[in-house]
Every structure is written in C-alpha cells, then in structure tokens.
J.: 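Here you go, one structure.
All values reported here derive from a predicted model rather than from experimental measurement. Here is the naming used below: chain letters follow the sequence lines, and residue numbers restart at 1 for every chain.
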Number of protein chains: 2
Amino acid sequence: MATRQKTSRKAAATAAAIRRARTANGRAHNSDAGDDIGLDALIGHAGYAVRRFQLWIFQDFIKTLATVDIRPTQYSVMTVIGANPGLSQMAVAKRLGIERARLVHLLDSLEERDFVSRIPSATDRRSHALHLTARGKTALAQFKRLAAEHERHVAEKIGKDNREQLLQILACFT
Amino acid sequence: MATRQKTSRKAAATAAAIRRARTANGRAHNSDAGDDIGLDALIGHAGYAVRRFQLWIFQDFIKTLATVDIRPTQYSVMTVIGANPGLSQMAVAKRLGIERARLVHLLDSLEERDFVSRIPSATDRRSHALHLTARGKTALAQFKRLAAEHERHVAEKIGKDNREQLLQILACFT
DNA sequence: AAAGATTGTTGTTGACGACAACAATTGATG
DNA sequence: CATCAATTGTTGTCGTCAACAACAATCTTT
C-alpha cells in the first residue's frame, strides 16, 4: 500500500471488519465489474444523473472535436459571437452564464488562433465589440459539422426521442 | 479599462466597428437584460443545456446543504458507503465514476469529520473497508432530508413530471 | 465636477477530472 | 516456490472551471 498508511497494515482485523469484508466481496462474488452495488438514495437524484451524463457528453464532444482542438465552452463562445457579431464581453458572458473574468482567457486563446477579434467599441471605450475573423467563420462552419456529429452520438446513446425530450425539458436553462 | 488593453483605446474606430456596435446595442435597446441574444446552433445542443442545468442544480444543492457543509460528491460517497458498508475505495470510485486518486482526499476530509472510517480489510491487506461511523449515520440521515428538499426545488424548477422523465432518460448513466 | 456604476483585466482560491508515478500487496505463471 | 504482472491506496502535477475580490479606465447620473 501507500507510504503514509494511517492505520498499520498489521493491525488486528476486528470481527466486524471480517464480516463486512465478506459482505463486500461476497455480494456477487465478482467485485471487479463494479456492478451490483446499490446507489440507494442516489437513484432519484437528478443532480447525480445529470453529472454523470454531462461528464459523458463533454468527453464525447472533446473527442469528436479533438482534431480541431475546440472545447465545449470555446464552441459556445464562437457560436454566440458568430450569431451576434459586435457583442461586448459582458453581453457574451451573461448570455452564456460564464464569468467575465473567465471569458477574458477564453477570448485570449481564440484571438491568438485568429478566430475572434476584439474591436474597440465606437460608442463605449470600455468595451470591445467581438467578431469572428474570416478564418474564424470558416472554422466555425467546420466546428458545427463536427458538433452535429457529436449530437448524433448523443442521440445514439440515449435515443433520438429521449434527446429531444431532454432538450425540451431543459429549454428554460438555455 | 484594464491596464493591459491590447488595442489602444484611442485607436480609430472603423466604420464597421461603429455599425456593429449599433447592431449589438440597438437590437432591443436594452443590452442589460442579456435577453434577445440568439444562441444559434447552441439551441439544439444537449451538452449546452445539460451544462447550464447542472450548474443550477449543483448550486442549489450546495446552497440547500450549506448548513451542514456537504457538497454533492461528498454526499454521493457517503450514500454509497452507507448503502454498501465494507466497500473498498476502488469499488466506490468505480461505482461513482470518480478517480481513486480523488477519492483519497474526499475520504480524508470525511474521516477528519468523523463521518467515515477506513478499516483495514481482513482479506486484502492492500484495501480498506469503508464504513460510516455512528456519527456519520445520523449525519447522513439529515443530509438525505436536506437533499430531498433540494430535489423538491428541482421539481419546482422544471416540473414534477419533467423531473421524472429526466431521471428515466438518464437512468442508463447512474 | 463629483459620486457611483460598468467594463475588461488580473489574481487567488477551491473543487474537479486526468495522468503518471510509487510502495505494498495480491494473484498468476512458470 | 520464485518470479512477474496486476491491483490498491497514495502522492503529485497539470489543466479546466466556478467564484470572488480587487483594480484602472470609462461611462452615467446628478
């Protein structure tokens, strides 16, 4: 085991410990599968199901768009800017529910890759008008094709109808 | 503005910039609300809706259980251990889809608060048999009541029927 | 002109997922 | 039985992300 084991390995095993160890391994005589372990109250918790689902869906998105090296948040930023050129950073941050502090770094990387440009606003010298570059526009078109492919993966995973129901149920959050 | 503004504030504003700035602010003459900004392709992306929903649901969970200072992951760990006493760390990690490296810290904090105890396994001296302490059991009972209250918030937010549909759709991830 | 709000920026903190190593131990293979 | 591969808990690092708190520049209000 590890170096800083808290309880000595040689410590006497209590009868309770033995009993429980039996319970744990004996339940289906196959603890490797990780199955047959009850979740108890976790079943019926929307948060848990949603967390697991989001993990899966983000991993698939990242994998599907790995060739273009675009992550979900970057994609959402470019999509909103593409659909609403000239938005300020505040407006984009509010719309997507991300912090403006975080958006700074996101835009930095997108600007470095020449996908987005910050143009000083003519009406408010504090703010930037965000635009896609020409390169950004063609790139986004490709991203959307890959994202659509990812969306098909989702439909395969949970079912076409279920996916649409999901979108409808969660529409109030978009 | 900030100290390290990339483009000089005094830089001449192009006609295009002016036009777009007008577009951004003029769309509904109220850019504060953050409304009326199209999401374009983002609508119809399950990942985006799920991300927003998970953000909301986790924040509500944390808020609802703030008095007991329990986060969603900690709650899931205690719930699984409570329902399956004697599990090894590997088994818990696999079942919940968290890394065993991460579970180490989670258990450290839960053990410090005397909610969980690592008992050396009688059959495998590498592994620990995880158990709730007496204090952990009574605490978990309270956590479950608060979690149920949080779940009611979810039902209020998306609707009782929708919540159940959601759980059914995502059941394959739990 | 002064006071307060807004915008972009920087920095810090903490939770979290992913990986890579490692010692101790177990299991399998010869 | 001896050896080698696999497993388990642990430590560490890295990068992403949300949440805050400060700050300078600028706008708005009065």
J.: Between C:dC19, C:dG17, D:dT8, spot the one nearest the side chain of B:Arg100, thanks.
T.: D:dT8
J.: Atom CZ of B:Phe58 and atom P of C:dC16: how far apart are they, to the nearest Å?
T.: 8 Å
J.: Is B:Glu111 reaching over with its side chain to a backbone N or O of B:Arg118, donor-acceptor style, under 3.5 angstrom?
T.: yes
J.: Should A:Lys160 and A:Arg163 count as side-chain neighbours, where that means a heavy-atom distance under 4.5 Å?
T.: no
J.: Between D:dT8, D:dT10, C:dT9, which nucleotide gets closest to the side-chain atoms of A:Arg118?
T.: C:dT9
J.: Please tell me which of the listed nucleotides, D:dA18, C:dG17, D:dT10, lies nearest to the side chain of B:His128?
T.: D:dT10
J.: Using the closest heavy atom to pick a nucleotide of DNA chain C for each, name whichever of B:Gly97 or A:Met90 lands nearer the 5' end.
T.: A:Met90
J.: Tell me the interatomic distance from B:Leu96, atom CG, to C:dA18, atom P, rounded to whole angstroms.
T.: 14 Å
J.: Starting at atom CG of B:Asp108, determine the distance to atom P of D:dG9, rounded to an integer number of angstrom.
T.: 13 Å
J.: Give the nucleotide from the list D:dT16, D:dG9, C:dG17 with an atom nearest to the side chain of A:Arg102.
T.: D:dT16
J.: Measure from the side-chain heavy atoms of A:Ser127 and tell me the nearest of C:dG8, D:dC17, D:dT10.
T.: C:dG8
J.: So, is A:Arg71 close to the D:dC17 phosphate, meaning a side-chain N or O under 4.0 Å from OP1 or OP2?
T.: yes
J.: Can you tell me how far CD of A:Gln165 sits from CG of A:Leu167, rounded to the nearest 0.5 angstrom?
T.: 10.5 Å
J.: I need the CD-P distance between A:Glu99 and C:dG11, as an integer number of Å.
T.: 17 Å
J.: Are B:Phe115 and B:Phe143 close enough that their ring centers fall under 6.0 Å?
T.: yes
J.: Could you check how far CG of A:Leu106 sits from C1' of C:dT9, rounded to whole Å?
T.: 14 Å
J.: For A:Gln59 and A:Gln89, take the nucleotide of DNA chain C holding the closest heavy atom to each; which residue's nucleotide lies nearer the 5' end?
T.: A:Gln89
J.: What's the closest nucleotide to the A:Thr73 side chain, out of D:dC17, C:dG8, D:dA18?
T.: D:dC17
J.: Send over the distance from A:Leu55 CG to C:dA15 P, rounded to a whole Å.
T.: 18 Å
J.: Take the protein atom CZ of A:Arg51 and the nucleotide atom P of C:dA15, then report the distance between them rounded to whole Å.
T.: 15 Å
J.: Are side-chain N/O atoms of A:Arg71 and A:Tyr75 paired as donor and acceptor at under 3.5 Å?
T.: no
J.: Base, sugar-phosphate, or nothing: which does B:Leu103 touch, judged by heavy atoms less than 4.0 Å apart?
T.: nothing
J.: Grab the NZ-P distance between B:Lys63 and D:dA18 for me, whole Å please.
T.: 17 Å
J.: When you get a sec, tell me which of D:dA18, C:dG8, D:dG9 is the closest nucleotide to the side chain of B:Ser88?
T.: D:dG9
